[in-house]
Every structure is written in C-alpha cells, then in structure tokens.
Engineer: 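Okay, handing you the structure first.
Everything quoted here is computed from the prediction, not taken from an experiment. Chain letters run A, B, ... following the sequence lines, proteins first and then strands; every chain starts at 1.
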There are 2 protein chains.
Amino acid sequence: MPRSEVPDVVVRRLPTYLMALERMLARGEEVVSSAELGKVTGMSAAQIRKDLSYFGEFGRQGLGYEVEFLRDQLKRILQVDREWHIVVVGAGALGRALVHYREFTRRGLNIVAVFDNDPGKVGLPLGGLIIQPMCELETTIRRRHIEIAIIAVPPDAAQAVADELALAGITAVLNYAPATLRLDSDIHVAQIDPVASLQSITYYL
Amino acid sequence: MPRSEVPDVVVRRLPTYLMALERMLARGEEVVSSAELGKVTGMSAAQIRKDLSYFGEFGRQGLGYEVEFLRDQLKRILQVDREWHIVVVGAGALGRALVHYREFTRRGLNIVAVFDNDPGKVGLPLGGLIIQPMCELETTIRRRHIEIAIIAVPPDAAQAVADELALAGITAVLNYAPATLRLDSDIHVAQIDPVASLQSITYYL
DNA sequence: CTGTGTGAAGCTTTTCACAGCG
DNA sequence: CGCTGTGAAAAGCTTCACACAG
C-alpha cells in the first residue's frame with residue numbers, strides 16, 4: 001500500500017470525493033466519470049484521475065467509475081471503513097456542539113468521553129456521556145486505546161492540554177483552539193480556526 | 001497595493017503570523033526575528049520573510065521585526081483593522097456555539113443576526129439576538145450591508161441556503177456543512193468540515 | 001467512440017544562499 | 001556582526017495530451 005509517496009494535499013482531497021460519492025450513491029447513481037465528479041467537487045477531471053491513480057486503478061476505460069466500488073475503496077484507503085474512538089477536551093459551547101454533531105457518529109467517528117477542568121461541569125451529563133475531570137484523561141485514553149482527541153478549550157489552555165494528550169499516548173489531534181500547537185512530529189495535528197478562515201477571506205473583500 | 005499577484009496560500013498563512021504576534025505583544029515582546037516567528041508558527045524562517053515580502057519591507061536588517069508594527073501591518077493587509085458584520089444561518093447546536101464564540105467579537109467579527117427555518121426556534125433569544133425567520137434573510141443582509149455569512153445548517157440544506165445568500169448579495173461564505181457549494185466565482189467560500197479533517201488524519205494512523 | 005491512466009510539460013511554491021544594510 | 005529581502009535553484013503540484021482499453 002503506497003504511503004509516504006502520496007502527497008498530503010492529495011489525501012486531504014479524498015474526503016471531498018468520498019462525500020460526493022456518498023451523495024451520488026444515496027441518489028441511486030451507479031457510474032460516474034472523472035468529469036462529472038469534478039463538476040460536483042470543484043476539481044478538474046485530470047486532477048481526480050491523477051489523485052486516484054496514486055492508490056490503484058479503480059475505473060474502467062470508456063465507462064468511468066462504479067460509484068459504490070470507488071466509495072468503498074476510498075473508505076478503505078482513508079481507513080474510515082471501521083469505527084474510531086475519540087475524546088473531546090473542553091465542555092464549553094463548542095465541546096457540547098461537537099458531542100451532539102450527528103455527522104461524526106454517522107461516519108464512524110464516535111466521541112466516547114468528554115473532559116473539562118471546571119469542577120462545576122464535571123459529573124454533568126452531556127449527550128449520553130458524563131463530563132469527566134482532567135485527572136482521568138490519561139487512564140481513560142490508555143484503557144480504551146483511544147488514538148484521536150479533539151481540543152475545544154480556550155486558546156491559553158490549548159498547549160497544556162496538547163502536552164497532556166501527547167503524554168497519554170494520543171497520535172492524532174484536531175485542534176479548534178486558535179493556537180499553533182508544538183507537538184512531536186509523530187503526532188498528526190489538524191487545525192480548525194474559524195477566525196483564521198474569516199481573516200483570510202476579508203483580505204479579498 | 002498588491003492583490004492578484006499574491007498567492008492564496010500566502011494569504012492563508014498571514015492569520016497564523018498575526019495570531020502569534022498578538023500573543024507576543026501580550027507578553028510584552030518588542031522585537032522578533034523571522035527565525036523566532038518561525039519556531040512559534042511552525043514555518044521556516046525563509047518562508048516567513050518571503051511571505052511578508054509580497055506586501056512590503058517590514059523588518060530591519062540585523063534586527064528583526066518590531067512586533068507591534070508588524071501586527072498592525074498584517075491587520076491592515078488582511079483588512080481586520082476594522083469591524084465586520086456577519087450573519088449566521090442555522091441555530092442548531094453549532095450555530096449557537098458560533099454565536100457565543102468569544103474569539104469572533106474579540107477580533108472584530110461581529111455576528112449581528114441569526115436565522116433558522118424552524119418556526120419553533122424563530123423568535124427565541126440567542127446571545128443577545130433574536131432568531132429570525134429565513135424570509136427576513138435578504139432584507140436584513142441588504143439593509144445592514146452585510147458581506148459575510150456563516151452556514152451552519154444540515155448538509156442537505158446547505159446549497160439552498162448558499163443560493164439564497166448569493167441572491168441577497170453576500171460576497172463571502174464560511175461553510176460548516178459537509179457539502180461542496182456551487183457558487184459564482186466572485187463569492188469567496190471557505191470550508192470547515194471536521195469530518196473531512198478527521199478522515200484525512202485517519203489515513204496516517 | 002468514450003473516458004481512464006500516465007508520462008511529460010508547465011506552473012506554483014518552497015528552500016537556498018548571499019548581497020547588503022543597520 | 002546579525003538578520004532582512006530576494007534572485008536563483010530545487011521541489012512539488014497541476015494540467016496537458018495521448019496511448020490504450022472496453
């Protein structure tokens with residue numbers, strides 16, 4: 001299976017293709033060409049063919065791609081053909097919205113624990129879970145072999161939380177706090193910062 | 001003022017530099033070198049110097065950059081040295097979290113109206129605002145000269161909402177729905193999709 | 001014919017390395 | 001000296017264009 005040779009920018013486009021294929025499948029479409037998939041995802045047909053070619057030959061010449069087959073292949077490549085366990089740190093407005101976000105469970109991304117350092121919140125129920133104190137973070141992560149964490153705490157606390165997560169053996173972090181995390185390079189970090197997104201949009205207005 | 005010649009990838013890095021500079025300023029640091037700024041933001045020193053050079057010469061040879069001055073320049077370039085008015089469409093868990101998100105107002109990004117199509121939600125208070133019905137969308141946007149909208153509705157409704165926003169004269173959209181929006185190319189779209197972010201992380205695990 | 005898969009070409013972005021300024 | 005600003009080189013990514021398969 002090709003790994004290191006695949007550009008990261010290609011991997012980041014695969015979820016978009018997957019999402020489009022899921023929708024086509026729901027509509028009952030059976031076959032799709034790179035040109036059609038391109039129109040729906042906003043990419044060029046050539047780019048889609050090239051991206052897919054990093055992982056194998058999934059299409060049929062003269063015909064296109066079988067939607068369900070390509071969907072399954074992308075799920076396998078992205079490893080989303082199985083269930084993942086996730087912890088959320090921070091039970092503020094954002095943490096609560098994340099726990100209730102239906103698209104996560106729908107895609108096999110299961111939030112199985114929530115943590116907060118506010119004693120007033122610890123013990124309260126949240127979407128079928130109980131908010132746990134930070135001191136239980138490492139034990140919970142290790143006992144349940146959790147690999148992915150979502151950071152939803154205020155910016156000042158983000159790096160400290162990230163350090164704790166690293167110590168607990170987490171290998172992937174989705175960071176919602178507007179802060180650049182300094183972590184070992186073997187930990188994968190993705191950043192979601194609405195302020196940064198808006199600030200690079202206002203440049204063009 | 002340079003515009004079209006500046007690569008988009010450069011513009012998208014500026015908010016990260018700005019964020020780091022704000023923190024340095026809060027700590028009382030007065031001067032910073034490209035190497036130091038690089039360490040904090042995770043970029044190379046050369047890249048930072050090159051990025052900044054698209055907009056002018058902000059540093060002093062042998063010394064570095066004056067933190068406050070560079071911060072002000074970046075704010076001016078990104079046009080975040082003024083206040084922006086924003087509408088949020090969708091008053092679910094995510095929309096509510098966005099309305100309460102303190103980093104927005106702190107950075108001059110003011111949510112001034114919230115809309116939802118659920119009659120059970122319309123009229124309810126939310127963070128100092130009243131949830132408005134969708135039929136008031138266009139009037140509100142036009143009367144208050146709003147340029148930026150945040151879409152926080154379920155995936156199936158996203159494209160329809162985007163079309164309404166385009167009709168109402170919106171020029172920038174931040175889309176939280178897991179859907180690729182088809183919009184006129186004169187409308188700037190940024191996508192935030194936690195599922196997609198996680199799905200490209202699981203590839204590497 | 002239609003539409004994939006893919007080398008090669010073309011373009012963009014990053015890194016290098018150093019002149020030159022304070 | 002130390003560190004910026006920047007051409008030039010290197011690396012990376014996208015598009016082109018066509019052989020080839022169904």
Engineer: Round to a whole Å and report the spacing from CG of B:Leu70 to C1' of D:dT4.
Structural biologist: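 Distance, rounded to whole Å: 12 Å.
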Engineer: In Å, rounded to the nearest 0.5 Å, how long is the span from CZ of A:Phe55 to CD of A:Gln73?
Structural biologist: 11.5 Å
Engineer: Using whole Å, report how far OH of A:Tyr65 lies from P of C:dT2.
Structural biologist: 17 Å
Engineer: Indicate yes or no: at least one non-hydrogen side-chain atom of A:Ile146 is less than 4.5 angstrom from one of A:Val112.
Structural biologist: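 Touching, per the 4.5 Å side-chain cut-off.
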Engineer: Provide, to the nearest angstrom, the distance between the NZ atom belonging to B:Lys50 and the P atom belonging to D:dA9.
Structural biologist: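 Computing the B:Lys50:NZ to D:dA9:P distance gives 13 Å.
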Engineer: Whole angstrom is fine here: how far is it from CD in B:Gln47 over to C1' in D:dA11?
Structural biologist: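 From B:Gln47 CD to D:dA11 C1': 13 Å.
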Engineer: Taking atom NZ of A:Lys121 and atom CZ of A:Arg96, what is their separation to the nearest 0.5 Å?
Structural biologist: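 The NZ atom of A:Lys121 sits 6.0 Å away from the CZ atom of A:Arg96.
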Engineer: Looking only at the side chain of A:Ala46 (C-beta and beyond, no hydrogens), which of the listed nucleotides D:dT6, D:dC16, C:dG5 gets closest?
Structural biologist: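 Nearest to the side chain of A:Ala46 among the choices is D:dC16.
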Engineer: Rounded to the Å, how far apart are A:Asp51 CG and D:dT14 P?
Structural biologist: 7 Å
Engineer: A:Tyr54 OH to C:dG7 P: how many Å, rounded?
Structural biologist: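 Whole-Å distance recorded here is 11 Å.
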Engineer: Which distance, rounded to the nearest 0.5 Å, do you find between the CG of A:Leu18 and the CZ of A:Arg13?
Structural biologist: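 One finds 15.0 Å between CG of A:Leu18 and CZ of A:Arg13.
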Engineer: Does OP1 or OP2 of D:dT15 have a side-chain N or O of A:Ser44 closer than 4.0 Å?
Structural biologist: yes
Engineer: Going by an N to O cut-off under 4.0 Å, is there a salt bridge joining A:Arg106 and A:Glu103?
Structural biologist: yes
Engineer: For A:Ser34 and C:dT4, is the shortest distance between a side-chain N/O and OP1 or OP2 below 4.0 Å?
Structural biologist: yes
Engineer: Report, one pair per line, the protein and nucleotides 18-22 of chain D atoms (nitrogen or oxygen only) whose separation is under 3.5 Å.
Structural biologist:
{"residue": "D:dC20", "atom": "O2", "partner": "A:Gln61", "partner atom": "OE1", "Å": "2.7"}
{"residue": "D:dA21", "atom": "O4'", "partner": "A:Gln61", "partner atom": "OE1", "Å": "3.4"}
{"residue": "D:dG22", "atom": "O4'", "partner": "A:Gln61", "partner atom": "O", "Å": "3.4"}

Engineer: Assign the ring pair B:Tyr204 / A:His188 to parallel, tilted or perpendicular, where the plane angle (0 to 90°) is split at 30° and 60°.
Structural biologist: parallel
Engineer: Can you check the A:Met43 CE to D:dT14 P distance for me, whole Å?
Structural biologist: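 Distance, rounded to whole Å: 9 Å.
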Engineer: Choose from D:dT15, D:dT4, D:dC13 the nucleotide whose nearest atom is closest to any side-chain atom of B:Ser33.
Structural biologist: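 Nearest to the side-chain atoms of B:Ser33, counting from C-beta on, is D:dT4.
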Engineer: Could you check how far CG of B:Leu37 sits from P of D:dC3, rounded to whole Å?
Structural biologist: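 Checked: the CG to P distance equals 14 Å.
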Engineer: With side-chain contact (heavy atoms from CB on, under 4.5 Å) as the test, pick out the partner of A:Val189 among A:Thr180, A:Leu174, A:Leu183, A:Ile151.
Structural biologist: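 Among the candidates, only A:Leu183 passes.
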